Structure formats: C-alpha cells, structure tokens
Engineer: 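Once you've had a glance at the structure underneath, I'll fire off some questions.
Everything numeric in this text was worked out from a predicted model, so none of it was measured.
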Amino acid sequence: MLMTTPWIAAASTLGIIAAYEGWLAVAHRRAPQGLVATEHAALREDWFAAISAQPGSEILAVQTLRNALMSATMTASTAVLGLMGALSLTAPHMPAALAEAAGVAASTSSHAGARLAMELVLLGLLFAALVASVMAVRYYNHAGFIGGMPVGAPQRVRWADAGTAYVRRAGALYSWGLRQLLLVVPVVAYLLHPAAGVAGAAGGVAVLVQFDRSIVARR
C-alpha cells in the first residue's frame with residue numbers, strides 16, 4: 001500500500017505524541033526527580049502523613065479528598081460526554097468507512113482508511129480518559145473513608161499505608177485522565193485537516209513539556 005498524504009500526516013501526528021511519551025517514560029525511570037508528577041506524588045503522600053498525625057483533622061481530610069474526588073468526577077463526565085458525542089458522529093458511517101477503506105486500500109487518493117484509523121484513536125483516548133478518571137474517583141473515595149477515621153485509632157493506623165497508596169494512585173490516575181483529554185486535541189485537529197493534526201501534535205507536546213517539567217527545578 002502506498003503512503004498517501006493523509007496517512008503520512010496521521011503517522012506524523014501519532015509519531016510525535018508517541019515519541020514524547022516514550023521519552024517521558026524513560027525519564028520517569030532515569031530521572032524522576034526532574035518531573036512534576038514525582039513532586040505531586042510526594043506532595044500527596046506528605047499531605048496524608050501530616051493529616052494523619054494531627055488529631056481533629058478528620059473533617060479537613062474528608063473535605064480535601066472530596067474536592068479532589070469532584071475534580072476527577074468532572075473529568076470522567078467530560079470524557080464520557082466526549083465519547084458519546086464521538087460515537088454518535090462516527091458510528092453511523094463506520095460500516096461504510098470500513099468497506100470503503102477495504103475496497104480501495106490500494107488507492108493513493110483514498111482518505112477513508114487514515115480518517116477511520118484516527119477516529120478509532122480518538123475513541124480510544126476518550127475511553128482511556130474515562131477509565132482513568134473513574135478509577136481515580138474510586139481511589140479517592142477509599143482514601144476518604146480512611147481519612148475520616150479518628151486520628152490515633154487502631155483502625156486508622158492499620159489503614160495508614162493503604163491511604164497513602166490510595167492518594168498517590170488516585171492522583172496519578174487523575175493526571176493520566178487529563179493527559180488523554182489533552183491528547184484528543186491533535187487527533188480532532190487531524191480530523192478537521194490532516195496538516196492541522198501535525199501542527200496540533202507539535203503544539204500539544206510543547207505544552208506537555210512545560211506541564212511535565214519539575215516546578216521546583218524551574219525556580
């Protein structure tokens with residue numbers, strides 16, 4: 001199959017994103033202290049440790065975790081609305097697009113295959129954002145039960161490590177859900193025009209670089 005301009009644009013759009021995410025995964029292993037995700041994870045752990053050592057802080061802990069839970073709920077709602085909207089737009093012509101892409105796969109003038117692939121990527125990103133956000137809600141909910149236990153109670157002490165792990169994991173999942181929603185932008189830009197997808201991916205990565213860099217290191 002010859003590579004047409006839409007296919008090249010699709011590969012470039014996804015390639016830019018994949019290259020950055022791959023670099024970020026390596027950075028997480030080699031120099032995690034230079035990334036803001038590491039700082040935020042440590043902040044949440046320190047917060048839970050401090051709140052667990054202060055008697056009378058149970059209400060404050062529950063309120064803080066409820067605020068975080070509501071933020072994750074809003075992200076999940078945004079993702080599910082986007083997923084439903086994307087499905088309503090793509091589902092009616094999906095069979096025809098599949099047939100067209102299969103029937104003219106060797107044609108250098110066909111845009112059907114590339115567009116179909118990017119529509120599936122869009123659905124995948126929205127679904128991933130939904131799952132991550134829902135799981136963040138779940139962990140924040142569990143952490144809220146632990147944070148609401150009286151400080152110093154044997155049950156609170158027994159669940160302290162789990163609470164720390166829950167707030168760390170919930171924050172990571174919430175961040176991941178937001179990230180998938182941001183990555184939707186270059187895919188949508190591609191669907192509007194193939195060249196816009198490449199520009200959107202480059203711009204999105206430029207934004208992510210600023211978001212992912214350690215705040216402390218930039219001071």
Engineer: Tyr140: which residues meet the ring pair (Phe, Tyr, Trp, His ring centres under 6.0 Å) condition with it, sequence neighbours left out?
Structural biologist: none
Engineer: Which atom pair, heavy atoms only, marks the closest approach of Met118 to Val187?
Structural biologist: O-CG1, 3.4 Å
Engineer: Using side-chain contact (heavy atoms from CB on, under 4.5 Å) as the criterion, list what pairs up with Val184, not counting sequence neighbours.
Structural biologist: Leu122, Leu125, Leu126, Val188
Engineer: Which residue pairs pass the salt bridge (charged side-chain N to carboxylate O under 4.0 Å, His left out) test when at least one of the two sits in residues 164-193, sequence neighbours left out?
Structural biologist: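 The answer is Glu21-Arg179, Glu45-Arg168, Arg179-Asp212.
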Engineer: Do Ile17 and Pro186 come within less than 4.5 Å of each other through their side chains, counting heavy atoms only?
Structural biologist: yes
Engineer: Identify the heavy atoms of Ala27 and Leu35 that sit nearest to each other, and give their distance.
Structural biologist: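 Scanning both residues completely, I find the closest heavy atoms to be C-CD1, 4.0 Å.
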Engineer: With rounding to the nearest 0.5 Å, note down the distance linking CG in Leu183 to OG1 in Thr13.
Structural biologist: 12.0 Å
Engineer: Give the minimum heavy-atom separation between Ser52 and Arg156, together with the two atoms involved.
Structural biologist: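 Here Ser52 and Arg156 meet closest at OG-NH2, 3.0 Å.
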Engineer: Taking only residues at least two apart or on different chains, which pairs with a member in residues 160-184 satisfy ring pair (Phe, Tyr, Trp, His ring centres under 6.0 Å)?
Structural biologist: Tyr139-Tyr166, His142-Tyr166
Engineer: Kindly check if the number of other-residue, nucleotide or ligand heavy atoms within 6.0 Å of CD1 (Ile59) is above 12?
Structural biologist: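 Counting neighbours around CD1 of Ile59, 12 or fewer heavy atoms of other residues, nucleotides or ligands fall under 6.0 Å, so no.
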Engineer: Could you tell me the separation between the CD atom of Gln63 and the CG atom of Leu69, rounded to the nearest 0.5 Å?
Structural biologist: 13.5 Å
Engineer: Just so I know, are the side chains of Val198 and Ile8 near enough to count as touching, which here means a heavy-atom distance under 4.5 Å?
Structural biologist: no
Engineer: Identify, with sequence neighbours excluded, every residue that meets ring pair (Phe, Tyr, Trp, His ring centres under 6.0 Å) alongside Trp47.
Structural biologist: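 Listed in chain order: nothing, the list is empty.
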Engineer: Can you list everything that forms a ring pair (Phe, Tyr, Trp, His ring centres under 6.0 Å) with Phe127? Sequence neighbours excluded, please.
Structural biologist: none
Engineer: When rounded to the nearest 0.5 angstrom, what is the spacing between CD in Glu58 and CD1 in Ile146?
Structural biologist: 13.5 Å
Engineer: At their closest point, which heavy atom of Ser133 faces which heavy atom of Gly177, and how far apart are they?
Structural biologist: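 So the minimum-distance heavy-atom pair works out to OG-CA, 4.1 Å.
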Engineer: Which heavy atom in Phe48 sits nearest to a heavy atom in Ala160, and how many Å separate them?
Structural biologist: CE2-O, 3.6 Å
Engineer: Does a side-chain heavy-atom distance below 4.5 Å link Gln180 with Leu130?
Structural biologist: no
Engineer: Is there a side-chain contact between Leu191 and Glu119 in this structure, where contact means two heavy atoms from C-beta onward sitting under 4.5 Å apart?
Structural biologist: yes
Engineer: Please report the interatomic distance CD1(Ile51) to CG(Leu60), rounded to the nearest 0.5 Å.
Structural biologist: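 It comes to 4.0 Å.
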